Amino acid sequence: MIGYVLRRVLTAVPVLFGVLVAVFLLPRLTPGEPCSAILGERATPAACEQLYEVNGLDQPIHVQLTTYIGNILTGDFGDSIKFNRPVTEILLERLPVTVELGVTALFMAVAVGIPLGILAARFHNTGIDLGTMAFANIGVSMPIFWLGLILAYFFAIVLQGTPFALPPSGRFSAGMSPAPFYGVWGLTLAETGFVRTTADFISRLGVFNAVISAQWDSAVDAIKHLILPAVALSTIPMAVIARMTRSSLLDVLGRDYVRTARAKGAIGGRVIRHHALRNALLPVVTVIGLQLGALLGGAVLTETIFGLAGIGTALFDAISTRDFPIIQSFTVVIATTYVIVNLVVDLSYGFLDPRVRLR
Amino acid sequence: MTEGLAVSITEPDQLLDEPTSVWRLALQRFLHRKLGVVGLFVVLTIALVALFAPVIAPYDPLQPLNRTEDVQRRDPPSSEHIMGLDSNARDEFSRIVYGARVSLPLGFTTVLLAILVGAGIGAISGYFGGWVDNVLMRLMDVILGFPALILAIAIVFILGPGIRNTLLAIAIVTLPQYARVMRSSVLSIREIDYVSASEALGASPWRILRTRVLPNALTPLVVLGTLGIANAILEAAALSFLGLGAQPPTPEWGAMLAQERALIFTFPHLVIFPGLAIMITVLGFNLLGDGLRDALDPSLNE
């Protein structure tokens, strides 16, 4: 088992290295002088020279690469050009918004997708199966930015005035943003340092912060704001998970040992619960991991539509203003998360299914 | 149980009666999949719409109508303009019809490019093996290390916005899947005796690739490619929505949506119709791809 884990971890290293190099090359592949890209068209040659010197851009390219990788490994992402602040600060501000949105969406996708898939397989070739798969097919075919807009229209305008109305943008209503939980708990934290950073990060997870500090009105408000973007973002993963669960379960239900169980008198739902489900869910786990990519890409679109200040919108704004330090570090963080999650999924697969380890 | 036995006894006789090729069997299986046929129908319809756009569209997709007709900007759907007018007083239905001329070729070309380059890389990788294989496949892994849309955004950003660069970006982020399929086809086929025989008879690598490997790899490539078109259209629309793909006044569905998205609360028809067009097209290709997979891969038959 340890050998298997080590082998898998080692295969991720060249990929992560490649990701770092690709992100390093990104601004250097952009047409035109980096100076005019960063400082604008009217930058003076003196200002350019100073910029190159400060950022080490006058060094040979391999020296730049080594410095860059060294900086990233030590967690130094540099300063944002537009905001003139450390990128790490901006990242820590924006990340909780995306984490809250992504985790909620993924949770919804799993909580609805798996039961739907089971239902479709249990009632294979019936109306239930057909309906579920029609839903899944439409789900993967829908542009999520469009779904988001339609949801916003329906819940904010059509249902306006009813108890089902939901806000179409933002994270909190005016005056409803909850106080940080540590303030409510009466804790006084140092202005800087690891504890403070972590506490700030947690306090920016809107719903979680409001719930642990018992600010119920704010919690309800935050949940109402979270529903629409989370539903929009969860559609594609939900549909993919439902399809995968169904086909995997159907595959397992055709195996000999399930036939044996049936012959011994286990019927319908019992076969699925006690015999088939555990094995059928293995491929589903992999698919859930792969959906993270769709979630991160979808976050850019969902956050844009619902006006959420997460890393998706930050990355997109940075791209349109050519804020290279933000583009580079956010891309590195996103890609690294993606690679690591897929690694963990692969490992869990080996853990759940002993046969995988033998390969 | 008896049902299963009866079928397995009668079927071989039927097969002997009429001459059947692999392709005819596949076609028969495909026609039995109702959803796949629906997908084919949708795709063909949209292709016809694209082909005959000038005949179908009642108005010029780029021409404002408020100077020549008695209409207002953003008029809601009416009998004269079934999808209403957009913010520049252009006929929305005509723009949707012409949009098929952008999205369909875009999807096809993207996938064609990705298959050509991807399959090429996969074939080289599988055939030569060793460090060539290692370098190429690690490169593919790096591409897969990024969430697709985010890498596509970054590539379009480097190359500059526009339809052509959108096409390139999506082709780049999707080519690893084709490379992997081709590589595994090459690897699996190399071990088979008739390929060794060809090699022993002095067939060139190119000939082996063409006559032995490609026919085997074609099925998964076609299935992946069909589903890939759906994906490419969806991602191209997303890039256009973010302002990176097709630029106004091109009647591209994603760009149309982006332009009018602020009006969702006041003039929802300007957002609903382009989105529906994207969804129906993508759904068509998805259903067709699923149908093809079921038909071409008998091992999947339940």
Side-chain angles (χ1 to χ4, degrees), chain A residues 11-12 14-19 21-23 26-27 29-31 124 130 133-134 137-138 140-147 149-150 152-154 156-157 168 243 247 250-251 254 292-301 304-305 312 315-316 319-320 322 327 330-331 334-336 338-339 342, chain B residues 34-35 39 134 138-160 227 230-231 233-235 237-238 241-244 253-254 257-258 260-266 268 271-272 274-287 290 300 302:
Chain A
T11 54
V15 174
L16 282 174
F17 181 74
V19 164
V21 174
V23 171
L26 176 82
L29 290 171
T30 316
H124 185 42
L130 200 71
M133 284 308 106
N137 269 312
I138 291 172
V140 291
S141 307
M142 211 154 18
I144 65 166
F145 47 95
W146 179 68
L147 176 67
L149 289 169
I150 300 292
Y153 173 68
F154 188 74
I157 301 292
R243 274 161 63 138
S247 68
L250 282 177
D251 177 48
L292 188 79
L295 280 176
L296 288 169
V300 180
L301 298 165
T304 307
I305 291 161
L315 181 62
F316 187 72
I319 285 177
S320 32
R322 303 200 154 198
I327 302 175
F330 278 34
T331 316
I334 290 174
T336 311
Y338 190 43
V339 170
N342 279 314
Chain B
K34 290 189 196 72
L35 284 179
N134 247 320
R138 288 299 82 76
L139 207 62
M140 297 296 109
D141 284 348
V142 170
I143 295 180
L144 290 173
F146 295 92
L149 185 64
I150 286 176
L151 183 58
I153 291 175
I155 294 173
V156 178
F157 163 68
I158 294 173
L159 301 173
L227 296 170
N231 193 30
I233 292 176
L234 211 51
E235 294 213 331
F241 180 76
L242 292 171
L244 295 170
W253 298 329
L257 247 168
E260 316 281 15
R261 70 170 242 239
L263 301 174
I264 175 71
F265 300 120
T266 38
V271 171
I272 292 174
L276 270 182
I278 299 172
M279 193 183 89
I280 293 170
T281 311
V282 173
L283 184 62
F285 279 104
N286 272 332
L287 292 177
D290 283 349
L300 284 177
E302 298 132 21

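Chain A is the first sequence line, chain B the second, and so forth, proteins listed ahead of strands; every chain is numbered from 1. On a predicted model such as this, the values are computed, not experimentally measured, just so you know.
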Asks: Minimum heavy-atom separation for B:R261 and A:T304, please, with both atom names.
Replies: NH2-O, 3.3 Å

Asks: Go through the atoms of A:A294 and report whether side chain, backbone, both or neither lie under 4.5 Å from a heavy atom of chain B.
Replies: neither

Asks: If I measure from the heavy atoms of chain B, does A:L149 come under 4.5 Å with its side chain, its backbone, both, or neither?
Replies: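 Interface part for A:L149: both.
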
Asks: Considering all heavy atoms of both residues, which atom of A:F145 and which atom of B:A238 are nearest to each other, and what is their separation?
Replies: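 Where A:F145 meets B:A238 most closely, the heavy atoms are CE2-CA, 3.5 Å.
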
Asks: Atom CZ of residue position A:F17 - does it have more than 12 heavy atoms of other residues, nucleotides or ligands inside 6.0 Å?
Replies: no

Asks: Please name all residues satisfying side-chain hydrogen bond (donor to acceptor under 3.5 Å, both in side chains) with A:S141, sequence neighbours left out, ordered by chain then number.
Replies: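 Partners of A:S141 under the side-chain hydrogen bond (donor to acceptor under 3.5 Å, both in side chains) test: B:N286.
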
Asks: Relative to chain B, which segment of A:Y153 carries a heavy atom at a distance below 4.5 Å: side chain, backbone, both, or neither?
Replies: both

Asks: Less than 4.5 Å apart, any side-chain heavy atom of B:W253 and any of A:P143?
Replies: no

Asks: Using non-hydrogen atoms and a 4.5 Å limit, figure out which bit of A:V21 sits close to chain B: side chain, backbone, both or neither.
Replies: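 When you check distances to chain B, no heavy atom of A:V21 falls under 4.5 Å.
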
Asks: I would like to know whether A:N342 and B:L144 meet side-chain contact (heavy atoms from CB on, under 4.5 Å); could you show each step before the answer?
Replies: CA-CA 11 Å; A:N342 279 314; B:L144 290 173; over 6 Å; no

Asks: When rounded to the nearest 0.5 angstrom, what distance separates CG in B:L276 from CD1 in A:I150?
Replies: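 So the CG of B:L276 and the CD1 of A:I150 are separated by 7.5 Å.
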
Asks: Given a strict heavy-atom distance threshold of 4.5 Å, which part of A:L147 is in contact with chain B: side chain, backbone, both, or neither?
Replies: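 Interface part for A:L147: neither.
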
Asks: Considering only heavy atoms, which portion of A:I327 lies under 4.5 Å from any heavy atom of chain B: side chain, backbone, both, or neither?
Replies: side chain

Asks: Nearest 0.5 Å, please: how far is CG in A:L130 from CG in B:L35?
Replies: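 Taking CG in B:L35 and CG in A:L130, the distance rounds to 6.0 Å.
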
Asks: Heavy-atom pairs under 4.5 Å with chain B: which of A:L295, A:T11, A:V23, A:L296 has the most?
Replies: A:L296

Asks: Nearest 0.5 Å, please: how far is CG in A:L16 from CG in B:D141?
Replies: 11.0 Å

Asks: For B:L242, which atoms come within 4.5 Å of any heavy atom of chain A: side chain, backbone, both, or neither?
Replies: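 Contact with chain A involves both backbone and side-chain atoms of B:L242.
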
Asks: Working to the nearest 0.5 Å, report the span between CE of A:M142 and CG of B:L234.
Replies: 10.0 Å

Asks: If you tally heavy-atom pairs under 4.5 Å against chain B, which of A:A134, A:A299, A:A335 wins?
Replies: A:A335

Asks: Find out whether B:I153 and A:L315 are in side-chain contact, i.e. whether some heavy atom of one side chain is under 4.5 Å from a heavy atom of the other.
Replies: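 No - every pair of side-chain heavy atoms lies 4.5 Å or more apart.
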
Asks: For the pair A:R243 and B:D290, evaluate side-chain contact (heavy atoms from CB on, under 4.5 Å) and give the outcome as yes or no after the intermediate values.
Replies: CA-CA 11 Å; A:R243 274 161 63 138; B:D290 283 349; 3.3 Å; yes

Asks: Could you pull out the closest heavy-atom pair between A:F316 and B:L244, with the gap in Å?
Replies: CE1-CD1, 4.1 Å

Asks: If you take all heavy atoms of B:V271 and A:W146, which pair is closest and at what distance?
Replies: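 The answer is O-NE1, 3.0 Å.
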
Asks: For B:G145 and A:Y338, work out which heavy atoms get closest and say how close.
Replies: O-CD2, 3.1 Å

Asks: If you count heavy-atom pairs under 4.5 Å with chain B, which of A:I334, A:N137, A:V339 comes out on top?
Replies: A:N137

Asks: For A:P14 and B:V142, work out which heavy atoms get closest and say how close.
Replies: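 Minimum heavy-atom separation between A:P14 and B:V142: O-CG2, 4.5 Å.
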
Asks: Taking atom CD1 of B:I150 and atom OG1 of A:T331, what is their separation to the nearest 0.5 Å?
Replies: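 B:I150 CD1 to A:T331 OG1: 7.5 Å, rounded to 0.5 Å.
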
Asks: Looking at B:I272, B:N231, B:L287, which has the largest count of heavy-atom pairs under 4.5 Å with chain A?
Replies: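 Greatest number of close heavy-atom pairs with chain A: B:I272.
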
Asks: So B:F241 and A:I144, do their side chains get closer than 4.5 Å, heavy atoms only?
Replies: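 No - every pair of side-chain heavy atoms lies 4.5 Å or more apart.
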
Asks: B:A237 versus chain A, heavy atoms under 4.5 Å apart: side chain, backbone, both or neither?
Replies: both

